[in-house]
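This report concerns only the one structure given below.
Reckoned from all heavy atoms, side chains included, excluding hydrogens, waters and symmetry mates.
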Amino acid sequence: MLTAFARAFKTPDLRKKLLFTLGIIVIYRIGTHVPIPGVDYTSVQQCVDEASGNQGLFGLVNMFSGGALLQITVFALGIMPYITASIILQLLTVVIPRLEALKKEGQAGTAKITQYTRYLTVALAILQGTGLVATARSGALFSGCTVAGQIVPDRSIFVTVTMVITMTAGTAMVMWLGELITDRGIGNGMSILMFISIAATFPSALWAIKTQGSLADGWIEFGTVMLVGFVMVGLVVFVEQAQRRVPVQYAKRMIGRRSYGGTSTYIPLKVNQAGVIPVIFASSLLYIPALIAQFSSGTSGWKSWIEANLVTGDHPIYITVYFLLIVFFAFFYVAISFNPEEVADNMKKYGGFIPGIRAGRPTAEYLSYVLNRITWPGSLYLGLIALVPTIALAGFGANQNFPFGGTSILIIVGVGLETVKQIESQLQQRNYEGFLR
């Protein structure tokens with residue numbers, strides 16, 4: 001593996017791509033530490049220290065921004081508006097015929113959908129930036145902090161608008177940096193930036209577990225967590241690579257004196273076909289009632305019930321609802337992203353068939369049957385992985401922001417595998433061996 005890395009840096013064009021990607025990552029990490037105008041940075045640091053390990057409702061967004069959200073920096077919103085915009089456009093493609101037609105137009109249609117995604121990202125950044133500034137001004141961003149109300153000392157309209165514009169511009173720049181990596185670097189740019197944001201929170205999260213531990217100055221808890229983390233990474237890699245290969249046979253066709261077709265291939269149906277999307281959907285949906293309860297005034301009964309049952313991650317009702325939402329969204333996302341009827345029609349058009357299954361409607365029904373069977377273990381696996389920080393590590397004082405579980409481990413493993421595959425394919429084009437012999 002080290003030899004493969006050395007060969008990658010010895011290849012001129014691959015070395016340029018790797019160094020370009022590393023340069024963009026450095027710029028991105030610098031931007032996550034540049035505070036925006038109008039914020040009292042001393043008060044922010046004091047509140048961050050007091051709220052260490054208890055990020056509450058904003059934990060997920062803070063993780064995707066690499067810790068920049070709670071420090072209210074230029075890249076505070078991070079990659080989250082783009083992720084939300086991409087998911088919304090992907091869902092609307094199924095609902096709106098115009099978007100579905102654009103998707104089928106090839107590269108030109110994809111470029112148009114990408115442009116729509118950029119516009120929606122900017123709109124969401126303005127909306128989320130306004131919400132973040134309002135939350136910071138009210139002191140609700142750091143509940144329990146003694147100086148939370150002093151984070152934004154100047155409450156004038158000009159300062160507020162400047163803060164929102166700065167964060168929106170930061171989001172646009174993050175989107176641009178990600179597209180630069182995709183065009184000139186290695187891997188998918190947005191995925192790489194998401195990977196870096198999550199990986200940046202690992203050292204502080206692991207050290208917090210060590211400092212909060214009581215056995216042998218926290219080293220026993222730290223070692224146990226690291227061991228569980230390695231087991232989790234191995235399990236996630238195993239399941240993410242698992243797939244059900246449906247065999248497909250293409251009939252021979254005579255065109256003139258030549259015969260075409262007659263080849264055998266397969267349709268790879270992944271066990272985790274939905275990826276990390278169901279976990280993000282479920283987390284976002286569970287944040288909505290908690291946010292409504294946080295910003296509502298008074299002490300009504302529904303507000304007390306939400307704060308007691310749907311805010312703390314270790315409550316049985318929260319765990320049950322979270323798990324069921326992940327399972328539901330896993331089936332929902334697979335249903336809208338993989339169309340068995342369309343696959344069956346394409347196979348029939350090009351003379352392909354599944355051995356033992358008639359072409360057309362029987363093939364679509366068979367693919368639906370196989371997809372439903374493998375989605376069940378995939379959705380249960382996603383739910384269990386997402387609940388690992390709550391169930392398995394509650395005894396060590398871990399919280400929802402524990403690095404080796406849930407959204408973070410799924411994204412890191414998925415992006416890492418895809419990036420390594422891209423580097424390996426470029427190495428093999430030059431007759432070099434890959435990372436694994």
Side-chain angles (χ1 to χ4, degrees), residues 79 81-124 175-176 178-179 181-183 187-191 194 243-251 253 255 260-261 263-278 280-281 329-354 357-372 374-375 378 414-415 418 421-422 425:
I79 203 75
Y82 184 83
I83 296 172
T84 308
S86 300
I87 293 172
I88 290 174
L89 259 297
Q90 201 166 9
L91 294 176
L92 289 179
T93 303
V94 185
V95 180
I96 302 177
R98 168 63 179 161
L99 292 176
E100 189 175 0
L102 282 175
K103 187 178 179 180
K104 294 179 180 178
E105 287 181 7
Q107 189 174 0
T110 305
K112 203 73 175 176
I113 293 176
T114 303
Q115 197 69 19
Y116 293 155
T117 306
R118 291 170 183 162
Y119 294 148
L120 185 57
T121 300
V122 173
L124 289 175
M175 184 168 55
W176 178 60
E179 292 180 356
I181 293 177
T182 304
D183 293 339
N188 183 281
M190 300 302 174
S191 300
M194 199 188 312
Q243 56 184 222
R244 168 75 157 84
R245 296 182 175 182
V246 179
V248 178
Q249 182 74 35
Y250 284 92
R253 292 177 298 167
I255 301 179
Y260 295 89
T263 58
S264 297
T265 182
Y266 59 86
I267 303 174
L269 299 177
K270 295 181 66 176
V271 173
N272 182 22
Q273 190 86 0
V276 76
I277 300 298
I280 297 176
F281 272 22
F329 280 123
F331 278 92
F332 175 75
Y333 188 78
V334 168
I336 66 171
S337 62
F338 186 90
N339 189 350
E341 294 182 359
E342 184 178 347
V343 175
D345 289 341
N346 289 335
M347 288 171 54
K348 186 178 180 181
K349 187 186 300 183
Y350 294 104
F353 63 93
I354 300 174
I357 308 294
R358 293 183 63 183
R361 184 177 181 83
T363 298
E365 292 176 352
Y366 176 76
L367 289 175
S368 299
Y369 169 74
V370 173
L371 199 60
N372 285 332
I374 66 172
T375 303
V415 175
E418 289 300 320
K421 283 180 182 178
Q422 285 204 20
S425 65

For the residue pair [X] and [Y], what are the closest heavy atoms and their distance?
X: R358; Y: P362; result: O-CB, 3.6 Å
X: S368; Y: P340; result: OG-CG, 3.3 Å
X: P247; Y: R245; result: CD-O, 3.4 Å
X: A85; Y: T121; result: CB-OG1, 3.4 Å
X: I374; Y: R244; result: CG2-CB, 4.1 Å
X: A274; Y: A330; result: CB-O, 4.1 Å

Next on the checklist: Tell me whether the count of non-hydrogen atoms from other residues, nucleotides or ligands lying under 6.0 Å of CD in E341 goes above 12.
Outcome noted: no
Can you tell me how far the [atom1] atom of [X] sits from the [atom2] atom of [Y], to the nearest 0.5 Å?
X: L89; Y: T84; atom1: CG; atom2: OG1; value: 11.5 Å
X: E418; Y: Q422; atom1: CD; atom2: CD; value: 7.5 Å
X: T363; Y: N346; atom1: OG1; atom2: CG; value: 12.0 Å
X: L124; Y: I83; atom1: CG; atom2: CD1; value: 11.5 Å
X: I354; Y: Q249; atom1: CD1; atom2: CD; value: 12.0 Å
X: Y82; Y: L120; atom1: OH; atom2: CG; value: 11.0 Å

Next on the checklist: Donor-acceptor pair, distance only, cut-off 3.5 Å: does the side chain of T182 make one with the backbone of G189?
Outcome noted: yes
Item to check | Parallel, tilted or perpendicular: ring planes of Y366 versus Y369, cut at 30 and 60 degrees | outcome: tilted
Next on the checklist: Please list all pairs meeting side-chain hydrogen bond (donor to acceptor under 3.5 Å, both in side chains) that have one or both residues in residues 89-101, counting only residues at least two apart or in different chains.
Outcome noted: Q90-Y333
Donor-acceptor pairs under 3.5 Å, side chain of residues 111-118 to any protein atom, not counting sequence neighbours: which ones?
from	atom 1	to	atom 2	distance (Å)
T114	OG1	T110	O	2.8
Q115	OE1	R118	NH1	2.8
Q115	NE2	Y119	OH	3.2
T117	OG1	I113	O	2.8
R118	NE	E179	OE2	2.9
R118	NH2	E179	OE1	3.1
R118	NH2	E179	OE2	3.2

Next on the checklist: Set out, in order, the CA-CA distance, both residues' side-chain angles and the distance that settles side chain to side chain contact (heavy atoms under 4.5 Å, CB included) for V343 and M347, then state yes or no.
Outcome noted: CA-CA 6 Å; V343 175; M347 288 171 54; 4.0 Å; yes
